[in-house]
Amino acid sequence: MDWQIVIDSLPRYAEPLWVTVQVTLGSAAVALFVAFGLGLMTSSKHLIVRTPARIVVEFFRGSSVIVQLFWFAYAMPQLLGFQFDYAIMVGIMALGLNYGSYSSEVVRAAIGAVPKGQWEAATALSLSPWTRTWRVVIPQAWPEMIPSLTSFAVMLLKASALVSMVSIIDLTAMANTIGRVPGNELLVQYGFLLVVYFILAWLIWSGMRLLERRAKRGIGIGARPSKKALADGHGVQASGGAM
Amino acid sequence: MPSPTSNEPIIRFDRVNKDFGDLRVLKELCFDIDPGERVTLIGPSGSGKTTILRLLMTLEHVTPVKHPDENGGVIWVEGEPYSHMKKGGKLHVANERYLRRRRQKVGMVFQQFNLFPNMRVLRNVTEAQVHTLRRSKDEAEAKARDLLELVGLSDKIDNYPNQLSGGQQQRVAIARALAMDPDILLLDEVTSALDPELVADVLAVLRDIAETTSITMLIVTHEMGFARDVSNRVMMFDQGVIVEEDTPDRIFSDPQEVRTQDFLRAVLAE
């Protein structure tokens, strides 16, 4: 492979790289929001809350991302006369809703895995449903979610290449454009593309691993006793086993 | 039924039924508990003791009976309906909002401690004070520090629960329940999950609380020595009914019913 060709075309990749990053981060944020919303709703004991959430989840999981992209990009403006101000919003919304629906199952499973005793203790202390959810249940479920959410985030990054199909110039679209110019060798551009996506995925993995370690410390796993306890000469006691 | 006193009972079970599927765990159960009384519930497993505590903590709900005004099936606490609420002069099954208000005066310590693992010891004890009782953070922390000192864990304030032994965790759980100033404290086999050498510390703390406060206690335990020391009354359950009840001295030294005798012989032989 002739890497000189890539180096020569590097400046043209700067903006598409930024588009890919924006679409990935933007849709990840939407997906996280959607995942918690739908995940909490599908965990509800009330049928009236659970049912609509289930319908939304199954709809977005059951239909193709590409078709959803086309809907947001072309069908919605015609049907509703509504168009996003920025083209990348189409990609952010379609990917965010799709991956948010998938991830809501992760959120639901992690909430379901919080021991029953925790809910009972929250009831015994008369905590409101809000306090129970956000201060007791979610903080314990969160570290459990991170590994699965990481997989989804990496899949989301790779799926962001799909936005090139609705005329958004991301990395993939640019590689196609540059590669077709004679002398620029499509294979070289595609090879470069593989490497860039891999590096981006690696950045996501590393970031999420840090997050996971922090989250686990937040529930006392791998946490050191406070400085004060150490200064007083009290080390970590044998764990009581039950958590 | 216990002899009536001048005080209104703090807890009254009036013909309470509780079914789990086809199984009737409590059968038209009636009993009164006076304010400040400490009552131990004993009996073979499956006799309904823990269900009574869970009903009082509203973790379970009574099996509704038709026309509760005449037929009972109602739990009363502090003279007010508890499992039910008055609406238009009649008793209806209590809704969640009513229960959330009423259960604030009831506290519970669990067999498995159930401390919040995501909070350090101090916050385990302050969290509900701040969010449920709306105490200021300073007030809640002062109270928590006092109680953690009472249970002998002042030096563990900044640790996470999983850095503590089972006995220490259970003592934090006791402090957490007391921080809510309950009128009624429910102790559900609080030493059953502990290693034998850790039981004594937990029981010592509870003895101390029993001696120095007037909190009404309902205790489910297999520690007969503890039951004898702290309780005013022992109720023997079998298959959802009270077989026998008496002072601890009488029930442990001279049980009248065959089922009580058999049960005590089995437990004390362990």
Side-chain angles (χ1 to χ4, degrees), chain A residues 44-46 49 110-111 113-146 214-243, chain B residues 53-54 57-60 96 99-125 127-133 154-170 173 176-177 179-180 182 186 188 193-195 198:
Chain A
S44 170
K45 62 179 179 199
H46 302 291
V49 180
I111 288 173
V114 172
K116 213 172 112 234
Q118 293 293 313
W119 299 75
E120 293 186 346
T123 302
L125 294 166
S126 298
L127 296 182
S128 67
W130 178 268
T131 308
R132 183 185 61 202
T133 303
W134 291 102
R135 294 191 167 256
V136 176
V137 175
I138 299 281
Q140 293 179 51
W142 173 237
E144 300 298 315
M145 297 176 204
I146 295 176
R214 237 195 70 181
K216 283 210 166 134
R217 250 201 322 270
I219 56 168
I221 298 171
R224 283 179 294 260
S226 68
K227 284 187 193 111
K228 189 178 155 291
L230 282 175
D232 291 351
H234 300 285
V236 180
Q237 301 276 324
S239 167
M243 251 217 21
Chain B
L53 301 195
R54 293 174 61 83
M57 198 62 262
T58 72
L59 300 173
E60 307 284 353
E96 182 57 29
L99 291 176
R100 205 180 306 151
R101 185 167 62 79
R102 293 301 312 278
R103 68 177 162 232
Q104 280 188 25
K105 282 293 168 190
V106 182
M108 184 160 181
V109 182
F110 298 88
Q111 184 176 355
Q112 296 294 346
F113 333 133
N114 296 345
L115 291 181
F116 302 131
N118 54 315
M119 301 178 195
R120 293 175 194 270
V121 164
L122 186 68
R123 233 187 94 204
N124 259 284
V125 186
E127 190 72 3
Q129 293 189 67
V130 172
H131 288 280
T132 305
L133 301 181
S154 294
D155 54 333
K156 301 293 181 205
I157 274 176
D158 293 317
N159 285 88
Y160 280 102
N162 71 354
Q163 296 170 327
L164 304 182
S165 72
Q168 291 169 334
Q169 289 189 51
Q170 194 59 297
R176 182 175 72 170
M180 303 297 285
L186 310 169
D188 185 16
L194 299 179
D195 293 334
L198 302 175

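The chains referred to below are lettered A, B, ... by the order of the sequence lines, with proteins before strands, and numbering in each begins at 1.
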Please determine whether a side-chain nitrogen of the Lys or Arg among A/R132 and B/E127 lies less than 4.0 Å from a carboxylate oxygen of the Asp or Glu. no
Counting only heavy atoms closer than 4.5 Å, note whether A/T123 contacts chain B via side chain, backbone, both or neither. both
Which atoms of [X] come close to chain A, meaning under 4.5 Å heavy atom to heavy atom: side chain ones, backbone ones, both, or neither?
X      : answer
B/V109 : neither
B/F116 : both
B/M180 : side chain

Would a distance-only check, ignoring hydrogens and angles, find a side-chain to backbone donor-acceptor pair under 3.5 Å from B/Q168 to B/S165? yes
Output yes when a side-chain donor or acceptor of A/S126 lies under 3.5 Å from a complementary backbone atom of B/T132, and no otherwise. no
As an exercise: rank B/R101, B/R103, B/Q129, B/M119 by heavy-atom pairs under 4.5 Å with chain A and give me the winner. B/R103
Pairwise side-chain contact, A/V114 with A/E144, heavy-atom cut-off 4.5 Å (strictly under): no
Any side-chain heavy atom of A/R135 within less than 4.5 Å of one from B/R123? yes
